[in-house]
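What's counted below: heavy atoms across the whole structure, side chains too, no hydrogens, waters or symmetry copies. Computed from a predicted model, the values in this text were never measured in an experiment. Just follow the structure's listing: the first ligand is 1, and inside any ligand the first atom is 1.
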Amino acid sequence: MFDFDHALITGGAGFIGSHLGDRLVDDCAVTVYDDLSTGSRENIPDDAAFIHADVRDDEPLRDAVRAADVVFHEAAQVSVQRSVDNPETSHAVNIDPLLTILEAARDTDTRVVFASSAAIYGHLRSLPIDESHPKTPTSPYGLEKLTADHYCRLYHERYGVDAVALRYFNAYGPRQQGGVYSGVIGIFRDQARAGNDLTVEGDGTQTRDFVHIDDIVEANLLAAATEEAAGEAFNIGTGDSITIRELAETIRDVTDSDAEIVHVDSRPGDIDHSKANISKARDVLGFEPTYDVAAGLDAYLG
Ligand code: UD2
């Protein structure tokens, strides 16, 4: 299926990028581009080349894109909260480098697979969310991802760049970071393992569509290999959702923890519900998630 010679993975030392690297090193030459600001060197596969640089450095980035025949652009400022605290940095990391990549790809016919996000949709108008759902992001992060997502479409329409946007819902799995700026599964994992209270924000009835990293990786390979995907954007989730309260209970069970579940203040601007309609990814890419959240959490934490 994967007949590229050389893949560039920005953010290849991070959570999603490093899993992609592991999956690809046996199939093609892999170059990881990462500034190690949040990723770590141990995550980079032994057989991959490594460029230690910031994606805001446009010269090395441009050169790296030109040397590859496919780019998976996973490098990002991924925290919604950080984008609220420091919108200028978040904007600079999440938009300009993608534009550098698309400009370089115009010259060399490099294919681009971009890590977009469900955060572009903002508050829910209808469930499940399909790709044409209104887009009114509630954070700078969501707006940055939306802008970059549109650039992919525009560069395909205007310049014929083979760019695809994958709108990840809530990704989880091994190597996901913990700490206040990370996703809820990384936070509950660390709290449960330490026997600390699991901090459910608000009443816990808010829902999310949690998608396992292996399925995210598969979606990337399909997006790279599917010609008709160029210029398109796809939701990547499971098509199902659970409440945050249920998530806390499940994580406590699979980790065999005695931790208590407590409720703390809800997050300002938090979206209530999120669930992907993945029909388009199914129909065009042949994407089929292999893990529902119960099986995925069991494989990851059980
Ligand atoms: C996640 C991603 C974001 C984006 C989006 C796509 C992270 C950090 N953010 O945003 O990058 O791709 O998904 O849909 O991965 N919560 C608690 N207790 C905690 C932490 C969180 O109850 O200790 C709640 C939080 O209030 C929210 C839900 O869990 O209702 C999910 O929060 P999140 O930060 O994991 O993810 P989200 O959906 O804001």
Could you list the atoms of ligand 1 found under 4.0 angstrom from a heavy atom of [X]?
{"X": "S117", "value": "4 (C), 5 (C), 6 (C), 12 (O)"}
{"X": "A118", "value": "6 (C), 14 (O)"}
{"X": "I187", "value": "20 (C), 23 (O)"}
{"X": "V78", "value": "11 (O)"}
{"X": "F188", "value": "18 (N)"}
{"X": "V200", "value": "22 (O)"}

With the threshold set at 4.0 Å, does a side-chain nitrogen-carboxylate oxygen contact exist between [X] and [Y]?
{"X": "D22", "Y": "R175", "answer": "yes"}
{"X": "R62", "Y": "E59", "answer": "no"}
{"X": "E201", "Y": "R267", "answer": "yes"}

### Message
Is it the case that over 12 heavy atoms from other parts of the model lie below 6.0 angstrom from the CD atom of E288?
### Response
yes

### Task
Please check if atom CG in D283 has more than 12 non-hydrogen atoms from other residues, nucleotides or ligands closer than 6.0 Å.
yes

Using a 4.0 Å heavy-atom cut-off, which part of [X] comes near ligand 1: side chain, backbone, both, or neither?
{"X": "S182", "answer": "backbone"}
{"X": "V184", "answer": "both"}
{"X": "Y181", "answer": "backbone"}
{"X": "E201", "answer": "both"}
{"X": "T199", "answer": "both"}

## Note on the structure
Nearest non-hydrogen protein atom to atom 28 (C) of ligand 1, with distance, is I244 CD1, 3.6 Å

### Summary
Residue, atom and distance of the protein heavy atom nearest atom 15 (O) of ligand 1 read G183 CA, 3.6 Å

### Message
Do K135 and Y121 form a cation-pi contact, if we require the NZ or CZ to be under 6.0 Å from the six-membered ring centre and within 45 degrees of the ring's axis?
### Response
no

#### Entry: Within-cut-off N or O pair, S79 and ligand 1, under 3.5 Å
no

### Query
Based purely on interatomic distance, does D270 place a nitrogen or oxygen under 3.5 Å from a nitrogen or oxygen of ligand 1?
yes

### Message
Contact between ligand 1 and S274 is defined here as a heavy atom of the residue under 4.0 Å from a ligand atom; is it met?
### Response
no

### Query
Among the heavy atoms of A119, does any lie under 4.0 Å from an atom of ligand 1?
yes

Taking [atom] as the point of reference, which of [options] owns the nearest heavy atom?
{"atom": "atom 39 (O) of ligand 1", "options": "Q177, R267, R245", "result": "R267"}
{"atom": "atom 38 (O) of ligand 1", "options": "R208, Q206, Q176", "result": "R208"}
{"atom": "atom 10 (O) of ligand 1", "options": "N170, I129, D203", "result": "N170"}

### Task
Hey, could you give me the CZ/OG distance between R23 and S18, rounded to the nearest 0.5 Å?
14.5 Å

### Message
What's the separation between atom CG in L166 and atom CG in L222, rounded to the nearest 0.5 Å?
### Response
9.5 Å

#### Entry: Nearest protein heavy atom under 4.0 Å from atom 2 (C) of ligand 1, yes or no
no

#### Entry: Partner set under salt bridge (charged side-chain N to carboxylate O under 4.0 Å, His left out) for D149, not counting sequence neighbours
R167

#### Entry: Residues in salt bridge (charged side-chain N to carboxylate O under 4.0 Å, His left out) contact with R56, at least two apart in sequence or another chain
D54

### Query
Do you see a donor-acceptor pair shorter than 3.5 Å between the side chains of Q191 and N196?
no

#### Entry: Check: H52 ring centroid to F50 ring centroid under 6.0 Å
yes

### Task
For the pair Y172 and Y300, name the ring-plane relationship: parallel under 30°, tilted 30 to 60°, perpendicular over 60°.
tilted

